[in-house]
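Values in this document were obtained by computation on a predicted structure and should not be read as measured data.
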Amino acid sequence: MRPLTPLAALAALAALSTVTACGGADDGGDPKGKSGQGTVTVRIPDPGNAGVLARGKKDGSLDKALAAVGAKVAWTGSAGPFAPAAQAMNADQLDIATGSITSGITSLSQSPGFAFFTATDPDPVGEGILVREGSDITSVQDLVGRKVAVNKGGTGEYLLLKALAKAGIPADKVERVYLRPDQTAAVFNAGQVDAWAVWSTYAVAEIGTGKARFVADGAAIGSDNYSLNAVRSDFAKEHPEIVKALYAYLHEHSAKERKDPAAYLNVFTDAGPTAVNGKAKDVQIAFTGKGGTVDPIGPEDIERFETVARFYADQKVTPGKVDITAHLLDVEKLS
């Protein structure tokens, strides 16, 4: 059995720019690329300043890997929450996105036009329940009667509910404050909520200031919150060789990132709002080094996905249990 791992907390789209439908050719060649004459365009959220895709964008290695299977990237919008990315795939505005199994399940409970083709194991140290330094909250039990910021139906809500369930605390004993992750830091730092259930994308900056800490991290919570890569269903049917090539690239380079996390930070700039410096950089390096690699979805992963789907149904986050197995691809068997 392969070791279990977590995927970078990428996700998919805070904003979308409209691009031409997938499969356009550069030179009037085969629009679908099926004859080998055209170049297939793969629409992926721009990765920003860090991570495997950012480095691949800068050094040209991703272009080279995709060119080998007759494809090229169109960077579309920017990486962000998975829910809008799922909507973009459903609307044929995006081909690839990354998100958590938790936000994936809530998106699948609607009208999915996508499937998942990779898994990275739950992050043991980079996600959890964040509180301000000096807070009298020292355990999950101390959250009773408090306000906790979460993103509805996604990682934050899952982490809080999972932590409460493990501690034997009824969910209604804690007030959930639904906020977008990119709007929560100001509310959290102003003391308008007592805690924030969050993942590394946002936790690193808060912990890096020295003014926040996890009261419980992913390992303590017992999180099954995998990170997954999704592909638009029609794209996977039309271009399985491209999906396989993208998987191979992500698998190889995520292993390199885990060994040398610093090389995948501040890829384009070491200054400005997208750069990570000081203690925050040290925190991010430590988190990434304890993370995992992008792998195929195996039987043990599916079992844990099912656990999350049942939990979400039991907690009334979804109307019923989502059949996630119907939306999984075995990337090693695509042809």
Q | For Val150 against Glu157, the heavy-atom pair lying closest together | A | CB-N, 3.6 Å
Q. How about Phe114 and Phe82: are their ring centroids closer than 6.0 Å?
A. yes
**Q.** Verdict with reasoning, Asn90 to Gln110, per side chain to side chain donor-acceptor pair (under 3.5 Å)
**A.** CA-CA 10 Å; Asn90 291 344; Gln110 298 161 23; 6.0 Å; no
Q. Among the clusters formed by ILVMFWY side chains lying less than 4.5 Å apart, do Tyr158 and Ile169 turn up in the same one?
A. yes
Q. Can a donor-acceptor pair be found between the side chains of Ser109 and Thr106 at a distance below 3.5 Å?
A. no
Q) Within the distance-only criterion (no hydrogens, no angle test), does the side chain of Ser233 pair as donor or acceptor with the backbone N or O of Gly113 below 3.5 angstrom? A) yes
**Q.** Cationic N near anionic O, under 4.0 Å, Glu252 to Lys256
**A.** yes
Q | Side-chain H-bond candidate by donor/acceptor type, Glu127 with Ser223, under 3.5 Å | A | yes
Q) Pro296 and Val331: which non-hydrogen atoms are nearest, and at how many Å? A) CB-CG1, 4.0 Å
Q.
Looking at Lys321, I want to see if its NZ is surrounded by more than 12 non-hydrogen atoms of other residues, nucleotides or ligands under 6.0 Å.
A. yes
Q: Taking all heavy atoms of Val148 and all of Ala197, pick out the closest pair and write down the distance.
A: CG1-N, 3.9 Å
Q. Can the ring centres of Tyr226 and Phe305 be said to be less than 6.0 Å apart?
A. yes
Q.
Strictly below 4.0 Å, N to O, side chains only: are Lys57 and Asp63 in salt-bridge contact?
A. no
Q) Is a side-chain donor-acceptor pair under 3.5 Å present for Glu303 with Thr307? A) no
